[in-house]
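The structure appears right after this line, and notes come after that.
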Amino acid sequence: KTAACSLAMKRATRPWERTSLTKGTILLFSVLFSTSKGLFLTTRKITRPIVGVTCLHGHASWTEADAPLDSVIPRQSTGPSTPVGIYIHIPYCRQRCRYCDFAIVPIGPSAVTEANHTNNEMMDRATRGFLNMDATYRNALVDEISSTKSYYNNTSSIPLQSIYFGGGTPSLAPVQTIQAILHAILNNGGPSLFVLLHNAEISIEMDPGTFGIQQLQALKELGINRISLGVQSFHDDVLQSIGRFHRRDDVLQSIAMLREVYGENVNYSMDLISGLPGTSLAMWAETLDMATNLSPRHFSIYDLQIESGTVFSKWYENDGGTLLVPKLPSPHDCAFAYRYASSYLRAKGYEHYEISSYAYRSKDSPSCYRSRHNQIYWEPQSSWFAFGLGATSFVHGNRYARPRALTDYVAWVKNGGARDAHRARDEALPNTLDWLTDIIMTRLRTSDGLDLDWIKDNVPNGDVLVEQILIGASLGLELGLAARHIHKKKSLGTLRLADPDGFYFQIPSFRASLWN
């Protein structure tokens with residue numbers, strides 16, 4: 001199975017890094033819509049900042065006809081029109097899933113994680129070890145947050161659209177840890193740097209079987225108002241084969257608890273993965289039917305990507321299974337699964353608003369169940385702060401990643417790494433080509449598309465760039481994989497990828513099936 005390449009992981013080797021901005025734009029779209037080898041967006045989960053990517057700046061050669069130097073990039077303001085969010089990485093997992101390459105810390109199946117013990121002597125060794133590690137990590141996180149707030153001490157308050165606890169499995173963290181982190185972000189005994197907007201979204205990722213009623217109630221009281229539930233599959237044999245700890249009954253019990261605590265209209269998202277080993281199209285159709293009957297307000301659906309260094313990369317490095325491991329579905333079946341999911345969920349009332357994201361459309365507010373946090377990643381003038389192991393922030397046009405190993409992260413915080421990182425990032429000039437490329441590629445992930453008028457008005461030589469973008473996109477437009485929507489007279493319109501083929505054409509496995 002061909003794995004799609006992550007945009008961020010390709011940053012250092014992009015073929016247009018040493019070209020002019022306009023030439024690079026043409027090449028970008030020619031590659032995007034060509035059938036030859038090139039850069040493609042992945043449907044891999046991006047509900048968190050991409051981990052493990054350092055702040056890389058390209059070395060483009062500029063010509064006199066091109067844009068001025070990087071100082072032209074709009075610096076992110078903290079006004080209400082600029083979306084700002086915070087990502088918190090909680091790395092704990094019972095065990096590492098066989099497809100996972102995220103920055104995590106496996107804690108084993110036996111540790112009791114809710115920390116309800118009052119007698120330290122009654123704890124088993126695994127629980128005591130976990131709680132000691134959690135205290136160390138919690139203190140490092142709080143110290144990093146405090147260093148950030150201290151660095152921006154003279155900055156006016158920053159209104160937050162969202163706070164997102166990702167992982168890992170944040171539901172394994174004791175409630176006291178979540179509470180301490182929120183307190184560090186929003187309260188410091190005086191005026192806080194970060195201020196929640198009145199309609200802010202506070203999300204937490206949770207795995208079935210890792211939480212109970214009391215924990216949910218406590219999280220609700222802390223202000224958690226959106227749950228992202230990592231279901232992945234309803235078939236126990238599949239869950240076992242991919243290394244998940246929960247089973248189908250755990251999913252059903254978890255959703256029942258969510259409804260008991262938050263009510264029937266609980267705002268929760270469900271994660272599913274298509275293309276899993278040993279699955280058929282009939283099983284995928286059954287999965288979607290069971291999932292929609294549970295009425296989540298949001299779906300995140302990802303096509304399985306085989307990442308280097310994972311168990312699956314060893315199992316399937318020769319493109320297939322054996323008698324001992326289940327076979328992967330064919331590229332054609334994966335393509336059909338994506339198309340089927342898009343059509344089926346749209347028919348069920350869900351808006352396919354991003355490559356891997358579906359939000360329920362209510363009559364009162366068609367877009368109210370979109371992930372407010374994820375949309376920050378796709379907005380052209382957004383910023384997000386990030387804290388914790390392996391987390392990547394994007395502030396003032398620069399991206400910065402933290403260490404991926406627990407001991408390295410704790411030492412990094414202790415040695416003043418957080419403050420040094422903010423200073424280095426603010427002194428660095430963002431790269432115009434990187435900035436523009438990220439905008440183009442992330443906006444094309446969404447159903448809202450790329451606003452060509454925004455490019456014209458906000459990028460130097462924007463009118464020239466729009467022409468080059470349209471030239472580069474001409475093949476996609478001709479094939480019906482993209483469309484240009486003109487809103488009004490004298491408007492340059494919006495460039496959007498078609499749903500589903502335009503979205504999924506960016507993944508090599510589906511691209512191959514189209515031409516075979």
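- Between Met270 atom CE and Thr292 atom OG1 the span is 9.0 Å, to the nearest 0.5 Å.
- Dense packing is recorded around NZ of Lys220, with more than 12 heavy atoms of other residues, nucleotides or ligands lying under 6.0 Å away.
- Remark: Arg297 is positioned above the aromatic ring of Tyr369, its terminal NZ or CZ atom under 6.0 angstrom from the ring centre and at most 45 degrees off the axis.
- Between Ile306 and Tyr99 there is no side-chain heavy-atom pair separated by less than 4.5 Å.
- No side-chain heavy atom of Ile158 sits less than 4.5 Å from a side-chain heavy atom of Val195.
- Counting only distance, with no hydrogens or angles, the side chain of Asp408 and the backbone of Ala405 share no donor-acceptor pair below 3.5 Å.
- With hydrogens and angles left out, the side-chain atoms of Arg402 and Ser393 include a donor and acceptor closer than 3.5 Å.
- Annotation: ring-ring contact (aromatic ring centres under 6.0 Å, His included) contacts of Phe387 (sequence neighbours excluded): none.
- At least one donor-acceptor pair closer than 3.5 Å links the side chain of Tyr353 to the backbone N or O of Ser371.
- With salt bridges taken as basic N to acidic carboxylate O contacts below 4.0 Å, one links Arg370 and Glu351.
- A side-chain donor-acceptor contact under 3.5 Å links Asn132 to the backbone of Arg128.
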| said: Evaluate Leu389 against Val105 for side-chain contact (heavy atoms from CB on, under 4.5 Å), listing each step before the verdict. | reply: CA-CA 10 Å; Leu389 177 69; Val105 178; 4.1 Å; yes
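- Without hydrogens or angle criteria, Glu354 side chain to Ser447 main chain gives no donor-acceptor distance under 3.5 Å.
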| request: Show your reasoning for whether ring-ring contact (aromatic ring centres under 6.0 Å, His included) applies to Tyr350 and Tyr344. | output: CA-CA 9 Å; Tyr350 291 87; Tyr344 182 83; 9.2 Å; no
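- In this structure, Thr279 and Asp333 have side chains that are not in contact, with every pair of non-hydrogen atoms separated by 4.5 Å or more.
- Panel note: side chain Glu201, backbone His373; a donor-acceptor pair is recorded below 3.5 Å.
- Residues Tyr504 and Asp303 have side chains that bring a donor and an acceptor to within less than 3.5 angstrom of each other.
- Ser146 places a side-chain N or O within 3.5 Å of a backbone atom of Val142 that can act as its donor or acceptor partner.
- When atom types are taken as modelled, the side chain of Lys149 and the backbone of Ser192 share no donor-acceptor pair closer than 3.5 angstrom.
- What you find for Ile376 and Ser162 is that their closest heavy atoms are CD1-OG, 3.3 Å.
- Considering only heavy atoms from C-beta on, Tyr268 stays 4.5 Å or farther from His298 through its side chain.
- Between Ser356 and Ser300, every side-chain heavy-atom pair lies at or beyond the 4.5 Å cut-off.
- Between Thr177 and Arg138, the side chains place a donor N or O and an acceptor N or O closer than 3.5 Å (distance only, hydrogens not considered).
- For the side chain to side chain contact (heavy atoms under 4.5 Å, CB included) with Leu141, the qualifying choice from Ile90, Ile185, Val410 is Ile90, the only one to do so.
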| request: Output, in order, the C-alpha distance, side-chain angles, deciding distance and verdict of side-chain hydrogen bond (donor to acceptor under 3.5 Å, both in side chains) for Asn225 and Tyr262. | output: CA-CA 9 Å; Asn225 55 21; Tyr262 283 90; over 6 Å; no
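- The shortest side-chain heavy-atom distance between Tyr316 and Leu328 falls under the 4.5 Å cut-off.
- No donor-acceptor pair closer than 3.5 Å links the side chain of Arg94 to the backbone N or O of Phe245.
- The side chain to side chain contact (heavy atoms under 4.5 Å, CB included) check on Ser342 picks up Arg346, His352, Tyr358, Asp499, Pro500, with sequence neighbours excluded.
- When every heavy atom of Asp207 is checked against every heavy atom of Leu229, the shortest pair comes out as C-CD1, 4.3 Å.
- Scanning both residues, Ala291 and Leu272, for their nearest heavy atoms gives CB-CD1, 4.0 Å.
- Within the model, atoms SG of Cys368 and CG of Asn199 stand 11.5 Å from one another, a figure rounded to the nearest 0.5 Å.
- A distance of 11.0 Å separates CG of Leu160 from CZ of Arg372, quoted to the nearest 0.5 Å.
- How far CG of Asp271 is from CZ of Phe299: 10.5 Å, rounded to the nearest 0.5 Å.
- Considering every non-hydrogen atom in both Gly168 and Cys93, the closest pair reads CA-SG, 3.5 Å.
- Arg226 has its side chain within reach of Ser269: a pair of non-hydrogen atoms, C-beta onward, lies under 4.5 Å apart.
- Rounding to the nearest 0.5 angstrom, the gap separating the CD1 atom in Ile301 from the CD1 atom in Ile355 is 13.5 Å.
- The side chain to side chain contact (heavy atoms under 4.5 Å, CB included) with Leu304 is formed by just one residue from the set Pro329, Pro277, Cys334; it is Pro277.
- There is a side-chain donor-acceptor pair under 3.5 Å between Thr127 and Asp124.
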| task | Determine, step by step, whether Gln161 and Val84 satisfy the side-chain contact (heavy atoms from CB on, under 4.5 Å) criterion, reporting the C-alpha distance in whole Å, the side-chain angles of both residues, the deciding distance to 0.1 Å, and the verdict. | result | CA-CA 6 Å; Gln161 177 172 299; Val84 179; over 6 Å; no
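- In terms of modelled atom types and a separation under 3.5 Å, the side chain of His235 and the main chain of Gly278 share no donor-acceptor contact.
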| request: Go through the steps for Cys100 and Gln95 under the test side-chain contact (heavy atoms from CB on, under 4.5 Å), then give the verdict. | output: CA-CA 10 Å; Cys100 174; Gln95 60 192 26; over 6 Å; no
| message | Please determine whether side-chain contact (heavy atoms from CB on, under 4.5 Å) holds for the pair Asn139 and Val413, giving the CA-CA distance in whole Å, both sets of side-chain angles, and the decisive distance to 0.1 Å. | response | CA-CA 10 Å; Asn139 291 337; Val413 173; over 6 Å; no
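- Judged by distance alone, with hydrogens and angles left aside, the side-chain atoms of Asn415 form a donor-acceptor pair with the main-chain N or O of Ala411 at under 3.5 Å.
- Neither side chain, Asn374 nor Tyr164, offers a donor N or O lying under 3.5 Å from an acceptor on the other.
- No side-chain heavy atom of Ser357 sits less than 4.5 Å from a side-chain heavy atom of Gln375.
- Residue Trp384 is tested with Trp378, Phe194, Tyr87, Phe394 for a ring-ring contact (aromatic ring centres under 6.0 Å, His included); the sole match is Phe394.
- The nearest pair of heavy atoms linking Ala386 to Glu144 is O-OE2, 3.6 Å.
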| said: Determine whether Asp143 and Lys414 satisfy the following criterion, salt bridge (charged side-chain N to carboxylate O under 4.0 Å, His left out), listing intermediate values before the conclusion. | reply: CA-CA 8 Å; Asp143 287 347; Lys414 183 178 180 180; over 6 Å; no
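- Under the side chain to side chain contact (heavy atoms under 4.5 Å, CB included) criterion, Ala285 pairs with Tyr340, sequence neighbours left out.
- No side-chain donor-acceptor contact under 3.5 Å links Tyr137 and His89.
- In plain terms, the two heavy atoms of Ser147 and Ala418 that are nearest each other are CB-CB, 4.0 Å.
- Distance OG1/Thr310 to CD/Gln305: 11.0 Å, rounded to 0.5 Å.
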